[in-house]
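Values below: all heavy atoms of this structure, side chains included; hydrogens, waters and symmetry mates excluded. Letters go in sequence order (proteins before strands), and every chain restarts at 1.
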Amino acid sequence: MFPYPSGAGLHVGHPLGYIATDIIARYKRLKGFNVLHPMGFDSFGLPAEQYAIQTGQHPAITTEENITTYIRQLKQIGFSYDWSREVRTSDSKYYKWTQWIFMQLFNHYYDKEANKALKIADLIEKFTKEGNKSVNAVCDEDTPVFTSEEWNAMSEFDQQSILLKYRLTYPDESVVNWCPGLGTVLANDEVKDGVSERGGFPVEQKKMKQWAMRITAYADRLIDGLNDVDWSDALKEQQRNWIGRSTGASVRFSVLTPNPQPLTPKNIEVFTTRVDTIYGVSFMVIAPELESVPFLTTPEQKEAVEEYVKWVASRSELDRMSEVKKVSGVFTGSYVINPFNDEKVPIYLADYVLAGYGTGAVMGVPSGDQRDWNFATHFNLPIIPILDAQKEMETQADNTKEGKYINSGIINGMGYKEATKTLTTYLEEKGIGKGKIQYRLRNAVFSRQRYWGEPVPVYFKHGLPYLIVESELPLELPVIDKYLPTETGEPPLGRAENWKYKGEYEYELSTMPGWAGSSWYWYRYMDAQNEQEFASQESINYWKAIDLYIGGSEHATGHLLYSRFWNKFLKDLGLVPEEEFAKKLINQGMIQGRSNFVYRVKSSVGEGKNPIFVSYHLKDQYETTSIHVDVNMVNNDILDTNAFKNWREDFVNAEFILEAGKYVCGVEVEKMSKSKYNVVNPDILVDKVGADTLRLYEMFLGPLEQAKPWNTNGIDGSFRFIKKVWRLFYDDLGNFKVKDEAPTPAELKVLHTAIKKVEEDLERYSFNTVVSTLMICVNDLGSLKCAKKAILQELVILMSPYTPHIAEELWTLLGNDAGTISYASFPKFNPGYLVEANFEYPISINGKVRANISFPTDALPADIEAGVLANEIVQKWLEGKAPKKVIVVPKRIVNVVP
RNA sequence: ACGGGCGUGGCGAAAUUGGUAGACGUACCAGACUUAGGAUCUGGCGCCGUGAGGCAUGGGGGUUCGAGUCCCUUCGCCCGUACCA
């Protein structure tokens, strides 16, 4: 995943995934593959704009500077990127195509019959010929049904308004997450616990006109496609939950109110996943936020209802979440009629029903749902058992589906499956409901009231949006002098002079969200310079999709979902070949900060006193204050006291109470942040120990997927490895000692054990164990005093994915041409060199093969042939040579080449 | 509450399908070479035991010739979602 180029530069957590992909890229190249391993920058975004607001500096300038830093840092770590393919989402040559894809979305609708996106032009043709009755397409709920005559008689305005209900991107008046602190709207995945993910500002619900993406059209394919990708279960499950598909039925209840008004709804529709419990309905609950509430309220209940609605509105998101268990609600005075048994059912308001999900109305079945049971118990509503297997109705609901139905009219005596089918059929026959699939996923808001993003290639005529002409792309971001919203509350683009299409029509003033540019960028890598297409068909069909994608799991319901959506859309258009854009995904674990502390003795603070710091294990003997200390002055938790004295003016005269002559610091794992002085910049490490050591160490730290605190305590080991490798080539006096002699079997064994292990581990993306293997190999060769060119040359190739710099240097020292290390030169494993491998023979117990007995080949007495009974072999072996150890390995046969 | 994952020495961790648990690295201890060492090399390093040996993968139980690995149960931790009808 490409990075957002932040002002802080690369920190030590960033390269983790990049090192891993670089290793795989280099390894695959060694094996002869053609590898596309690029890098780019997600360079539109909020921080650069916030900075611009504060300083007046144009975001393009800050972004450019940051990217320069990033590139310098990345190059320093030695990534083998093909920089000629670099992309930047804020480059107009790039966002031209982001805008182009937006236009395609505007020009397409989702056809349920074809189960793919089709051209709006085709839809118009259908409307002209046969209206929309026969059209089975994804559209807004309120889309009217019309005939071809009606369509053809419509004004341009009305026709365009209707088409907007079908387009895959459309302006929509909807409730959005408005963040006053940031002055923009946020997507659901950008809001965490009622505050903005970035900045932590409060977020409120507000009705606004916004561009939206009809991602819900792809809900099913987004769920189904998860079966075909090699992603972690946790991540797939997260996406499934986010999409939240539930299968059930919608049922329409007719309203019975003593005081009907013109705006009183005639029916209330509910969605239920348990239509089989319909005979157990004893009340209905609707969300207090629904517009129809006042029209369902009787005069007697008016006061109570208004009070309740007010109370609900006054409660913050946090209050609501913390009081989930508490039952609250109020009776409206009105009723609905259960269409199955004509029972009169009271309508209540309660805040456990969400306005935003389904229809905002729920049928209450206390016998089958715990929340409904709580509600019914609280308000003394009847609890009707509907299954003969249900029991203990006095203490809790029973949501199992076992048993036969009772008290249930047409489904009495049936089981769950049959009942559901019968009821759904009945609903559809009578026209009072239907089988329905409900999603939690909302259409994605696609506008940000911001400057630093892609302009939307749209202008407005008579209040309706029109696309600009394709040849006019890119629609470049205009220059403005201030980055705040206008005085009238319009987005910053409202400040741009002459920001009008053909000098006449208003352009869209909001820009695209951060995820626009990142939802297709991997295709641009395939053909980064193309000016005619976002990438040529030839290059797309050659590279197809991402084979290995590495990045944080925080993108589960954002980038990774939107990218899948856009990819499926592009596939529908026949522009890309694969349904899923990333076949294999690894979520790298977050690198946490590891803070170090010093402990200042409280009594040493004050005028004229020198501050005294006490070492960690002695601190309990004093009253102390713990102070964050810069981790860059600490090595293996031992403080560099001189550096510490020079760190801050008030510490110049610091005194220390040491233990064993050292100052030991305390440790805590926290988030990496400047204020905690625990941010480790890779530059410092590269200076100290070199890029190869950093790469090696980051991989050695533990499994890639695992979150772990950054800890440089073990980095010396990786550095020592590099030095040990060097000593295989040079003696203590600095003389080159490699000789062109034939390797011994022992040396070959060491090398080939390593080749086998490295290859196996890299094929299963076990990055950390490879480092161990390399270390063992170098240690063993050191013990053997091996300085044979044939061995060392292969070793160099083997370690080159991890430590490319030193490998390249040693490669040329061995007399090879620089740069030739990368071509199909991965050493071939020869099992014949594993001369100590065991032979295994089956042992039978009670006539059944239960085990194999194994022993080393060199212990094999000469007169034994394969196939002789195990017991006999063991006997002969015992006679021939005393065994050190006998290992019995059942049900396992290893093929060995002696 | 639900979903996903995890629990192994002082620490980071290995153990690919059930098959010699703790590889490798750190830290620590001892020794060698050294004016010196934050260099290098050698040896030791799960726990109990002088020893032979015994006990050990959060706890308890099970399957198996054999369990860190599979099953049940329980405790603890992390991540995600949160009244989704």
Between A13(B) (C1') and Met699(A) (CE): distance, integer Å: 15 Å
Sugar-phosphate, base or nothing in reach of Gln706(A), heavy atoms under 4.0 Å: sugar-phosphate
Short side-chain N/O contact from Arg727(A) to OP1 or OP2 of A39(B), under 4.0 Å: no
Closest-nucleotide 5' rank along RNA chain B - winner of Ala234(A) and Gln438(A): Ala234(A)
Separation of G4(B) P from Glu237(A) CD (nearest whole Å): 6 Å
Below 4.0 Å: OP1/OP2 of C84(B) and any side-chain N or O of Arg371(A): yes
Complementary nucleotide for A56(B) - Watson-Crick or wobble, under 3.5 Å: none
Nucleotide nearest Ser772(A) (side chain, heavy atoms from C-beta), chosen from A85(B), A23(B), A82(B): A23(B)
Length of the line joining Leu774(A):CG and A23(B):C1', which is rounded to integer Å: 14 Å
Distance below 4.0 Å between Thr769(A) side-chain N/O and A13(B) OP1 or OP2: no
Side-chain N or O of Lys723(A) closer than 4.0 Å to phosphate OP1/OP2 of U40(B): yes
A15(B) phosphate, OP1 or OP2, under 4.0 Å from Arg764(A) side-chain N/O: yes
Nearest-Å distance once atom P is located in both U73(B) and U81(B): 28 Å
Pairwise C1' distance for C28(B) and A67(B), with rounding to whole Å: 33 Å
Spacing of Gln588(A) atom CD relative to G5(B) atom P, expressed in whole Å: 20 Å
Strand partner of C2(B), provided both Watson-Crick or wobble distances fall under 3.5 Å: G80(B)
Pairwise P distance for C11(B) and G58(B), with rounding to whole Å: 13 Å
Arg695(A) side chain to Thr803(A) backbone, donor-acceptor under 3.5 Å: no
Minimum-distance nucleotide (side-chain atoms of Asp351(A) versus G4(B), C83(B), A85(B)): C83(B)
Between G12(B) (C1') and Glu698(A) (CD): distance, integer Å: 14 Å
Under 3.5 Å on both distances, the Watson-Crick or G-U partner of G7(B): C75(B)
Nearest to side-chain heavy atoms of Met775(A), which nucleotide of A23(B), G25(B), A85(B): G25(B)
Test item: Lys236(A) side-chain N/O and Val229(A) main-chain N/O as donor-acceptor pair under 3.5 Å: yes
OP1 or OP2 of C84(B) under 4.0 Å from side-chain N/O of Tyr439(A): no
Donor-acceptor contact below 3.5 Å, side chain Tyr562(A) vs main chain Ile215(A): no
P atoms of U42(B) and U26(B), separation to the nearest Å: 13 Å
Same-atom distance (P) from G4(B) to G53(B), integer angstrom: 46 Å
Parallel, tilted or perpendicular: rings of Phe375(A) and Tyr348(A) (30°, 60°): perpendicular
Donor on one side chain, acceptor on other, Ser328(A) and Tyr308(A), under 3.5 Å: yes
Rounded distance in Å - CG (Asn711(A)) to P (U26(B)): 13 Å
Integer angstrom distance from the P of G76(B) to that of C83(B): 25 Å
C1' spacing across the pair G10(B) / G3(B), given as an integer number of angstrom: 35 Å
Side chain of Phe700(A) (C-beta onward), nearest among C24(B), A85(B), U81(B): C24(B)
Along RNA chain B (nearest heavy atom to each residue), the more 5'-positioned of Ser553(A) and Val771(A): Val771(A)
Distance test, side-chain N/O of Arg720(A) to OP1/OP2 of U26(B), below 4.0 Å: yes
Whole-Å distance separating the CH2 atom of Trp242(A) from the P atom of C79(B): 18 Å
Distance, C1' atom - from G22(B) to U35(B), rounded to whole angstrom: 41 Å
Stepwise side chain to side chain donor-acceptor pair (under 3.5 Å) test for Tyr279(A) and Asn338(A): CA-CA 8 Å; Tyr279(A) 287 95; Asn338(A) 185 335; over 6 Å; no
Touch class at under 4.0 angstrom, heavy-atom based, for Pro703(A) against every strand present: sugar-phosphate
Touch class at under 4.0 angstrom, heavy-atom based, for Asn768(A) against every strand present: sugar-phosphate
Conformer about C1'-N of G80(B) - syn within 90° of 0, anti elsewhere: anti
Salt bridge flag under 4.0 Å for residues Glu237(A) and Arg240(A): yes
Sugar-phosphate, base or nothing in reach of Asn779(A), heavy atoms under 4.0 Å: sugar-phosphate
Main-chain N/O of Ile715(A) paired to Thr712(A) side chain as donor or acceptor, under 3.5 Å: no
Sugar-phosphate, base or nothing in reach of Gln238(A), heavy atoms under 4.0 Å: sugar-phosphate
